[in-house]
Amino acid sequence: MSSNILDDIALSLANLDMDKALDLVKKAVGEGYRPIDIINSLANGMKIVGERYESGEYFVADLIVASEIFKESMNILEPFILKEKEYIKPIGRVVIGTVEGDIHDIGKNLVATMLRASGFEVIDLGVDISPQKFVEAVKQYKPDIVGMSALLTSTMINMKRVIEALENEGLRKNVKVIIGGAPITEKFAREIGADAYGENAVVAIDICKKLVEELRKTNK
Ligand code: B1M
């Protein structure tokens, strides 16, 4: 047993021990740990899972088990995250999705949940979303922000295709674009013409608040 419950949560996810991980998440909530700290532990556990997969110790089936543990944990944590949401009018509308060819959604879901908890209205398009679908969603929902997630180096380029599609349809000037995901960098975001890069969910929320403020100023 390691020194504290947050380390134990990371380890039990890394070791694919669903029962133990969920028990510990419930225990941590009961002991008053902040949901965000528990989520960070789960993310640390996921990092280890990724390393074990890369080294050949784990297989895709193990990644799926790890994802289930993460998702079940989020089901426990979500009510505590959303509880803090006390607002009347949403502070902005975000259309979010994982780009075409990519089905990783844990990080994207986390960002969506935290945005909702911070008072944003979020339209989550899901995974494997083509540029055309992003364009249609922007036309339909008229969001302030388009958020894209990519976890594969091979699908990062599809973020650029979404931005190009928005430009071609004359929609780019109406929205701010934020991108994120493990392989994404600030430099890449600049290169493809995104407005911002969110390194993690917490940072992404602050950035989205600033982007909405900027948008309101320019539209005055
Ligand atoms: Co995948 N996978 N996977 N996988 N998987 C990675 C990404 C990989 C790095 C593993 C590895 O080799 N170490 C590797 C990619 C290598 C590369 O591209 N260079 C990989 C691979 C190869 C694959 C497959 C090709 C495997 C195969 O089939 N042979 C396949 C591809 C499927 C596809 O998408 N077409 C695949 C499949 C899967 C599963 C389905 C089994 C599962 C995903 C289940 C799901 O999401 N529902 C899975 C998993 C679990 C992973 C790892 C282990 C964990 C990802 C994760 O959920 N992390 C991952 C290894 C890794 O990332 N180190 C890996 C936890 C999550 C909270 O973090 O998503 O980074 P993350 O989100 C963070 C930030 O990035 C940021 O905030 C979040 C919270 O702080 N963020 C944003 C994310 N989106 C944002 C958006 C924003 C702002 C911030 O604004 C809009």
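In listed order, ligands and their atoms are each counted from 1.
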Inset, instruction - Check Leu6 against Asn4 and note the closest heavy-atom contact, atom names and distance. - result: N-OD1, 2.7 Å

Inset, instruction - Output, in order, the C-alpha distance, side-chain angles, deciding distance and verdict of salt bridge (Lys or Arg N to Asp or Glu O under 4.0 Å) for Asp124 and Arg116. - result: CA-CA 11 Å; Asp124 186 348; Arg116 286 192 182 107; 5.2 Å; no

Legend entry - Heavy-atom donor-acceptor pair, Asn158 side chain to Arg161 backbone, under 3.5 Å: no

In a table with atom names and distances, give each donor-acceptor pair under 3.5 Å that connects a side chain of residues 206-215 to protein atoms at least two apart or in another chain.
| unit_1 | atom_1 | unit_2 | atom_2 | d |
| --- | --- | --- | --- | --- |
| Glu214 | OE1 | Lys176 | NZ | 3.2 |

Legend entry - Pair Lys71 + Asp105: basic N to acidic O under 4.0 Å: yes

Legend entry - Protein heavy atom under 4.0 Å of atom 7 (C) of ligand 1: yes

Inset, instruction - Please confirm whether the backbone N or O of Ala14 pairs with a side-chain atom of Tyr58, one donor and one acceptor, at under 3.5 Å? - result: yes

Inset, instruction - Might you confirm whether atom NZ of Lys47 has over 12 heavy atoms from other residues, nucleotides or ligands at distances under 6.0 Å? - result: no

Inset, instruction - Name the option, out of Leu42, Thr98, Ile103, Ile96, that contains the heavy atom nearest to atom 40 (C) of ligand 1. - result: Ile103

Inset, instruction - Taking the side chain as every heavy atom from C-beta outward, state whether Lys26 and Ile76 have any atom pair closer than 4.5 Å. - result: yes

Inset, instruction - Run down the list Ala204, Ala112, Gly180 and name the one with the heavy atom closest to atom 85 (C) of ligand 1. - result: Gly180

Legend entry - Non-hydrogen atom of Lys71 closer than 4.0 Å to ligand 1: yes

Inset, instruction - Write out the residue and atom name of the closest protein heavy atom to atom 71 (P) of ligand 1, then the distance separating them to 0.1 Å. - result: Gly107 CA, 4.0 Å

Legend entry - Enumerated ligand 1 atoms positioned under 4.0 Å from heavy atoms of Asn200: 76 (C), 77 (O), 80 (O)

Inset, instruction - Identify, for atom 67 (C) of ligand 1, the protein heavy atom at the shortest distance, and state residue, atom and that distance. - result: Phe70 CZ, 3.8 Å

Inset, instruction - Report, in ascending order of atom number, the atoms of ligand 1 lying under 4.0 Å from any heavy atom of Leu110. - result: 79 (C)

Legend entry - Nearest-option assignment for atom 81 (N) of ligand 1, heavy atoms, candidates Ala182, Gly181, Cys208, Ala196: Gly181

Inset, instruction - May I ask whether Gly101 has any heavy atom positioned less than 4.0 angstrom from an atom of ligand 1? - result: yes

Inset, instruction - Using non-hydrogen atoms of the residue, decide whether Met148 is closer than 4.0 angstrom to ligand 1. - result: yes

Inset, instruction - Look at atom 61 (C) of ligand 1 and say whether a protein heavy atom is found at less than 4.0 angstrom from it. - result: no

Inset, instruction - State whether the shortest distance between N or O atoms of Gly147 and N or O atoms of ligand 1 falls below 3.5 angstrom. - result: no

Inset, instruction - Please name the pair of heavy atoms, one in Leu151 and one in Gly181, separated by the smallest distance, quoted to 0.1 Å. - result: CD2-CA, 4.1 Å

Inset, instruction - Consider every N or O of Ser154 and every N or O of ligand 1, then say whether any pair is closer than 3.5 Å. - result: no

Legend entry - Heavy-atom closest pair, residues Met159 and Ser149: CE-C, 3.6 Å

Legend entry - Close approach of Ala66 to ligand 1, heavy atoms, under 4.0 angstrom: no

Inset, instruction - Report yes or no: does Thr98 contribute a side-chain atom to a donor-acceptor pair with the main-chain N or O of Val127 at less than 3.5 Å? - result: no

Legend entry - Where ligand 1 meets Asp102 - atom numbers and elements under 4.0 angstrom, heavy-atom basis: 34 (O)

Inset, instruction - Answer yes or no: is there an ion pair linking Asp195 with Arg172, defined by an N-O contact shorter than 4.0 Å? - result: yes

Inset, instruction - Please report which non-hydrogen protein atom sits nearest to atom 44 (C) of ligand 1, along with the residue it belongs to and the distance in Å to one decimal place. - result: Ser67 OG, 3.2 Å

Legend entry - Protein contact of atom 54 (C) of ligand 1 - nearest heavy atom, named by residue and atom, plus distance: Met46 SD, 3.8 Å

Inset, instruction - Give every protein N, O or S atom lying under 2.8 Å from atom 1 (Co) of ligand 1, naming each by residue and atom. - result: His104 NE2

Inset, instruction - Decide, yes or no, whether a salt bridge links Glu169 with Lys139 under the criterion of side-chain N to carboxylate O below 4.0 Å. - result: yes

Inset, instruction - Indicate yes or no: at least one non-hydrogen side-chain atom of Val175 is less than 4.5 angstrom from one of Asp144. - result: no

Legend entry - Identity of the nearest option to atom 13 (N) of ligand 1, non-hydrogen atoms only, from Glu51, Glu199, Met74, Glu54: Glu54

Inset, instruction - Tell me which part of Val111 gets within contact of ligand 1: side chain, backbone, both or neither, using heavy atoms under 4.0 Å. - result: side chain

Inset, instruction - Considering only non-hydrogen protein atoms, determine which one is nearest to atom 84 (N) of ligand 1 and report residue, atom name and distance to 0.1 Å. - result: Ser149 OG, 2.8 Å

Legend entry - Check ion pair Arg34-Asp37 (N to O, under 4.0 angstrom): yes

Legend entry - Distance-only N or O hit between ligand 1 and Asp105, under 3.5 Å: yes

Inset, instruction - Please indicate, with yes or no, if any protein heavy atom is found under 4.0 Å from atom 26 (C) of ligand 1? - result: yes

Legend entry - For Ser118 against Ile91, the heavy-atom pair lying closest together: O-CD1, 3.3 Å

Legend entry - Student check: side-chain heavy atoms of Met114 and Ile36 closer than 4.5 Å: yes

Inset, instruction - List the closest protein heavy-atom neighbour of atom 19 (N) of ligand 1: residue, atom name, distance to the nearest 0.1 Å. - result: Thr153 OG1, 3.3 Å

Legend entry - Numbering as shown, the atoms of ligand 1 that approach Ala201 to under 4.0 Å (heavy-atom distance): 77 (O), 79 (C), 80 (O)

Legend entry - Verify atom 89 (C) of ligand 1: protein non-hydrogen atom under 4.0 angstrom away: yes

Legend entry - Contact (N/O only, under 3.5 Å) between Lys47 and ligand 1: no

Inset, instruction - Report whether Val203 and Ile179 are members of the same hydrophobic cluster (ILVMFWY, side-chain heavy atoms less than 4.5 Å apart, transitive linking). - result: no

Inset, instruction - List the steps and the verdict of side-chain hydrogen bond (donor to acceptor under 3.5 Å, both in side chains) for Thr113 and Glu78. - result: CA-CA 7 Å; Thr113 301; Glu78 241 171 40; 3.0 Å; yes

Inset, instruction - May I ask you to list the atoms of ligand 1 that are less than 4.0 angstrom from any heavy atom of Ile178? - result: 90 (O), 91 (C)

Legend entry - Verdict with reasoning, Asp102 to Thr155, per side-chain hydrogen bond (donor to acceptor under 3.5 Å, both in side chains): CA-CA 6 Å; Asp102 202 322; Thr155 58; 2.8 Å; yes

Legend entry - Atoms of ligand 1 close to Ile64 [distance to a heavy atom under 4.0 angstrom, numbered from 1]: 41 (C)

